[in-house]
Amino acid sequence: MSACGGSYSPETRRKYFISGPQWAAAYQGQALFHAPTRPEIGFDEIIRKYGEIGIGYWATHDTDVIPTEALGKDAQWEIVARIGKSLRDHGVKCSMVTAETFHHAVWAAGPAAEAPEVREYAKFRVKNTVDVGHELGVGFAVYWPGSLGYYVQGAIEETSTLRWYADAINAACAHDIETAQKKGRPTLKHCLEAKPFEPQAEILLPTSDSMLAFIASGLLTHPEMVGLNPEYLHELMWGAAPRAVLARVLLAGKLFHFDINDGYRLKHDVDIGVGLVNPLDWLNVLVLLRSHGYNGPFNLDFKPPRTTSQFGVFEVSFPSAVDRFITLWEMAGEVISDPIIKEATDALRAGGGAVDARDAEAVTRANRELLTLHELIAHRLVQILLGLHRGRTFF
Ligand code: XLS
Ligand code: MG
Ligand code: MG
């Protein structure tokens with residue numbers, strides 16, 4: 001890593017609102033066809049390592065750290081107290097908590113199953129997560145519904161299932177309002193996270209756009225408390241342009257939280273480290289977010305590869321992901337202030353000149369030469385990405 005160069009200091013890294021999830025560092029390399037390649041690791045060590053690297057925030061699912069049978073009980077609060085101590089000891093803050101509603105057998109039919117007792121249990125889980133979140137001082141709660149969908153067609157009724165899912169989100173918001181008031185804290189930002197496929201065959205809220213529609217559907221009692229946590233790869237997975245998705249979420253005022261990673265179009269959720277696959281697209285995503293003043297968390301929701309050792313997780317995987325993000329963020333600032341891109345953009349916006357707006361031929365003629373600037377801008381972006389604008393050439 002030191003031979004690679006380009007590392008930022010932990011102090012510099014800490015200036016960014018970057019969070020490291022418990023589950024990302026604890027991931028052991030397992031999958032449907034894969035046995036684990038790394039040993040187990042607990043929250044204290046992960047929080048300590050994040051603190052050393054300079055990842056200032058930590059995020060977790062409830063059951064990443066609390067056994068299912070302890071949820072809501074005294075044993076939970078003992079664990080939460082230990083987490084609080086670990087965060088204080090290592091100078092890390094908890095930014096976000098999320099309820100796991102996909103892994104345990106109780107979610108076999110999803111968090112909004114037909115059986116009322118499953119749905120009551122889902123409400124208990126999201127309310128309990130709100131409690132844990134307030135105790136740990138978070139600002140955000142995330143909900144990836146995961147198993148909200150089906151394997152076989154016609155077995156579930158979609159409209160009822162979505163209403164029932166809204167009931168759980170409504171329960172979380174109502175409980176949050178009450179708890180925040182009691183604790184004298186602000187309410188949390190409740191963020192829905194979409195994924196187009198996996199772990200169900202068909203997903204009822206597969207994209208960020210469908211979630212925007214769900215928030216605006218009238219089913220939520222507090223739509224103003226609910227926004228999105230888009231994940232970069234989850235949008236790529238259905239073939240979308242992540243930057244266009246983020247633009248739509250920004251326009252709706254709902255970009256609360258952002259899961260950052262990388263991967264491939266129309267493939268499964270490979271959760272590769274940010275910028276390793278699509279650095280140019282990532283640069284452009286960050287240009288959009290910087291120019292719109294996004295100031296929420298950047299959550300490192302990636303999975304260190306199976307080939308990376310546990311030593312490598314903290315020596316290579318996390319620091320290199322953070323540093324690629326910071327470099328791309330700084331480059332995005334350079335793009336925004338680049339005189340060539342600015343001049344080209346201004347020229348495009350000024351248009352081709354005063355012509356008769358009812359004359360298609362005249363409008364086309366006036367713009368024909370001007371539109372070459374699109375390709376010039378694209379060339380300039382690649383120059384900035386590769387450092388070529390600084391005079392670097394290959395022979
Ligand atoms: C899974 C999701 C998950 C959420 C939190 O694909 O990305 O990790 O971010 O439950
Ligand atoms: Mg995610
Ligand atoms: Mg993912």
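Since this is a predicted model, take the numbers as computed values, not measurements. Order of listing sets the numbers, starting from 1, for every ligand and every atom in it.
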May I ask you to check whether Asp259 brings an N, O or S atom to under 2.8 Å from the Mg ion (ligand 3)?
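No - counting backbone and side chain alike, Asp259 has no N, O or S atom under 2.8 Å.
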
How about Phe256 and Phe140: are their ring centres within less than 6.0 Å of each other?
no

Would Tyr16 and Phe298 count as a close aromatic pair, with their ring centres under 6.0 Å?
no

Given 3.5 Å as the limit, does a donor-acceptor pair link the side chain of His104 with the main chain of Val106, or not?
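At least one qualifying donor-acceptor pair exists.
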
Check each of Asn299, Leu228, Leu192 against His257 using the side-chain contact (heavy atoms from CB on, under 4.5 Å) test, and report the only one that passes.
Asn299

Ile55 and side-chain contact (heavy atoms from CB on, under 4.5 Å): which partner among Ile46, Leu300, Ile47?
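The single option meeting the side-chain contact (heavy atoms from CB on, under 4.5 Å) with Ile55 is Leu300.
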
Report the angle formed at the Mg ion (ligand 2) by atom OE2 of Glu193 and atom OD2 of Asp301, rounding to the nearest 10°.
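Nearest ten degrees: 160°.
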
Quick one: does ligand 1 sit under 4.0 Å from the side chain of His234, the backbone, both or neither, non-hydrogen atoms only?
side chain

Could you list which atoms of ligand 1 come closer than 4.0 Å to a heavy atom of [X]?
X      : value
Lys195 : 1 (C), 6 (O)
Asp269 : 6 (O)
Asp259 : 9 (O)

Salt bridge Glu235-Arg248, side-chain N to carboxylate O under 4.0 Å:
no

Indicate yes or no: does Lys342 engage Asp346 in a salt bridge with an N to O separation below 4.0 Å.
yes

Among all protein heavy atoms, pick out the one at the shortest distance from [atom]; state its residue, atom name and that distance to 0.1 Å.
atom                   : answer
atom 8 (O) of ligand 1 : Asp301 OD2, 3.2 Å
atom 2 (C) of ligand 1 : Glu193 OE2, 3.2 Å
atom 5 (C) of ligand 1 : His61 NE2, 3.2 Å

side-chain contact (heavy atoms from CB on, under 4.5 Å) between Asp176 and His190: does it pass, once the steps are laid out?
CA-CA 10 Å; Asp176 182 15; His190 296 257; 2.7 Å; yes

Residues Gln76, Glu78; criterion side-chain contact (heavy atoms from CB on, under 4.5 Å); working and verdict
CA-CA 5 Å; Gln76 160 176 298; Glu78 283 158 27; over 6 Å; no

Sub-4.0 Å heavy-atom approach of Glu198 to ligand 1:
no

With the threshold set at under 4.0 angstrom, would you say Trp23 reaches ligand 1 through any of its heavy atoms?
yes

Atom of Glu231 nearest the Mg ion (ligand 3) (restricted to N/O/S, atom name only):
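Restricting Glu231 to its N, O and S atoms, the minimum distance to the Mg ion (ligand 3) goes to OE2.
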
Would you mind naming the N, O or S atom of Asp271 nearest to the Mg ion (ligand 3)?
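Closest N, O or S atom of Asp271 to the Mg ion (ligand 3): OD1.
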
